[in-house]
Amino acid sequence: DTENTGNTLYVFDSTGIYDKPNMKVLSAFDAWASNYPVVSAILPSSANKMIILGQFVKYNSTVIKRNAKIDEDDFSLDGSYNLYTKGGTNGDVYAQAILPNDEIFIGGSFTHYDAAEVNHIVKLNKDGVIDNSFHPSKGFNNSVYAVCADNDKVVIGGDFTMIDAD
């Protein structure tokens with residue numbers, strides 16, 4: 001994935017963030033033992049921040065579990081965002097949608113977020129903590145690969161056959 005901020009192109013790949021054309025490493029990703037640390041989305045956020053999501057579990061040696069808010073200028077972690085000391089997601093993030101107020105829907109192969117059962121979809125407040133106003137009961141029975149949201153509705157697609165199944 002790439003993000004173009006001004007005249008410099010920044011490249012987000014499986015090992016880190018680089019400035020191009022210098023290819024200087026600005027930040028690094030890490031994954032579980034043999035997994036490939038993919039960045040699946042880069043979402044613009046307020047106050048010169050961006051949210052990155054994917055299959056990575058560390059950002060510059062900090063455990064973040066597949067979801068981080070970083071500064072657009074120096075790519076440092078935003079300390080006001082939940083750094084997932086409780087566990088983050090227990091599976092990969094494939095889908096995401098950001099609302100105008102910086103709340104985020106994420107979907108994927110996970111069944112838990114910070115130890116709470118969410119079954120493949122969760123809504124996060126702008127600080128990265130679960131928004132309990134969104135609760136699709138028991139969730140989906142398989143992975144979510146697409147999320148589209150605005151303030152009034154959420155449309156979800158994926159490899160599931162049931163919602164709220166026992």
Side-chain angles (χ1 to χ4, degrees), residues 1 3 12 14 17 27 29-33 35-60 62-72 75-166:
D1 292 334
E3 173 77 12
F12 291 65
S14 63
I17 303 171
S27 294
F29 297 111
D30 193 9
W32 298 115
N35 289 353
Y36 192 65
V38 173
V39 174
S40 61
I42 305 164
L43 304 172
S45 185
S46 59
N48 290 328
K49 307 288 183 181
M50 65 179 94
I51 297 168
I52 55 174
L53 302 131
Q55 298 171 351
F56 52 89
V57 295
K58 287 184 180 179
Y59 184 83
N60 287 342
T62 301
V63 175
I64 55 171
K65 302 289 180 86
R66 303 172 181 95
N67 185 350
K69 184 182 276 188
I70 59 175
D71 187 274
E72 287 183 0
F75 301 102
S76 61
L77 282 172
D78 180 343
S80 69
Y81 198 72
N82 180 5
L83 294 179
Y84 311 111
T85 57
K86 298 177 194 166
T89 63
N90 67 335
D92 294 333
V93 176
Y94 302 133
Q96 58 285 317
I98 191 165
L99 298 173
N101 63 358
D102 281 351
E103 292 178 330
I104 308 164
F105 286 93
I106 61 173
S109 65
F110 55 88
T111 57
H112 289 78
Y113 184 91
D114 282 353
E117 186 173 359
V118 295
N119 289 327
H120 308 287
I121 186 80
V122 65
K123 182 180 180 189
L124 305 177
N125 292 315
K126 65 182 178 179
D127 62 0
V129 175
I130 292 176
D131 178 346
N132 290 313
S133 71
F134 175 78
H135 46 83
S137 295
K138 297 176 186 167
F140 297 94
N141 68 340
N142 213 338
S143 294
V144 168
Y145 289 101
V147 179
C148 180
D150 64 21
N151 289 326
D152 300 315
K153 61 186 168 276
V154 181
V155 180
I156 299 168
D159 189 24
F160 50 86
T161 57
M162 300 177 98
I163 184 170
D164 295 338
D166 285 326

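FYI, side chains are in, hydrogens and waters are out, and symmetry mates aren't considered; it's all heavy atoms of this structure.
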Q: Specify the closest pair of heavy atoms between Val147 and Gly107, including all atoms of both residues, with the distance to one decimal.
A: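 So the two residues come closest at CG2-N, 4.4 Å.
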Q: Tell me the closest heavy-atom pair linking Ile130 and Ala116, and the distance in Å.
A: CD1-CB, 3.8 Å
Q: Look up atom CG in Asn67 and atom OG1 in Thr89, then write down how far apart they are to the nearest 0.5 Å.
A: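 Asn67 CG to Thr89 OG1: 7.5 Å, rounded to 0.5 Å.
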Q: Could you work out, with ring pair (Phe, Tyr, Trp, His ring centres under 6.0 Å) as the rule, every residue matching Tyr94, not counting sequence neighbours?
A: Tyr145
Q: Going through the checks in order, is the side chain to side chain donor-acceptor pair (under 3.5 Å) test met by Thr111 and Asn90?
A: CA-CA 7 Å; Thr111 57; Asn90 67 335; 3.0 Å; yes
Q: Give, for atom CG of Asn48 and atom CG of Asp78, the distance between the pair rounded to the nearest 0.5 Å.
A: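 These two atoms lie 11.5 Å from each other.
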Q: The criterion is side chain to side chain contact (heavy atoms under 4.5 Å, CB included); which residues satisfy it with Ala149, sequence neighbours excluded?
A: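 For Ala149, the residues satisfying side chain to side chain contact (heavy atoms under 4.5 Å, CB included) (neighbours in sequence not counted) are Ala97, Leu99, Phe105, Val154.
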Q: Tell me the closest heavy-atom pair linking Ala146 and Ala95, and the distance in Å.
A: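 Result for this residue pair: N-CB, 3.5 Å.
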Q: Mind checking salt bridge (Lys or Arg N to Asp or Glu O under 4.0 Å) for Lys123 and listing every partner two or more places apart, or none if nothing turns up?
A: Glu103, Asp131
Q: If the condition is side chain to side chain donor-acceptor pair (under 3.5 Å), which residues does Asp102 pass it with, not counting sequence neighbours?
A: Ser45, Ser46
Q: Mind listing the closest non-hydrogen atom pair of Asp92 and Phe110 along with its distance?
A: O-CD2, 3.5 Å
Q: Testing the 3.5 Å rule here: is there a donor-acceptor pair between the side chains of Asn142 and Thr161?
A: no
Q: Do Asp127 side-chain atoms and Val129 backbone N/O form a donor-acceptor pair below 3.5 Å?
A: yes
Q: From Met162 CE over to Phe140 CZ, what is the distance, rounded to the nearest 0.5 angstrom?
A: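 If we round to the nearest 0.5 Å, Met162:CE and Phe140:CZ are 12.5 Å apart.
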Q: Look up atom CD1 in Ile121 and atom OG in Ser143, then write down how far apart they are to the nearest 0.5 Å.
A: 11.5 Å
Q: With rounding to the nearest 0.5 Å, note down the distance linking NZ in Lys126 to CD1 in Ile98.
A: 11.0 Å
Q: Sequence neighbours left out, what passes side chain to side chain donor-acceptor pair (under 3.5 Å) with Asn132? Give chain and number order.
A: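 Residues passing side chain to side chain donor-acceptor pair (under 3.5 Å) with Asn132: none at all.
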Q: Supply the atom-to-atom distance Ile104 CD1 to Lys69 NZ, rounded to the nearest 0.5 angstrom.
A: 6.5 Å
Q: Which residues pass the salt bridge (Lys or Arg N to Asp or Glu O under 4.0 Å) test with Asp159, sequence neighbours left out?
A: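 Partners of Asp159 under the salt bridge (Lys or Arg N to Asp or Glu O under 4.0 Å) test: none.
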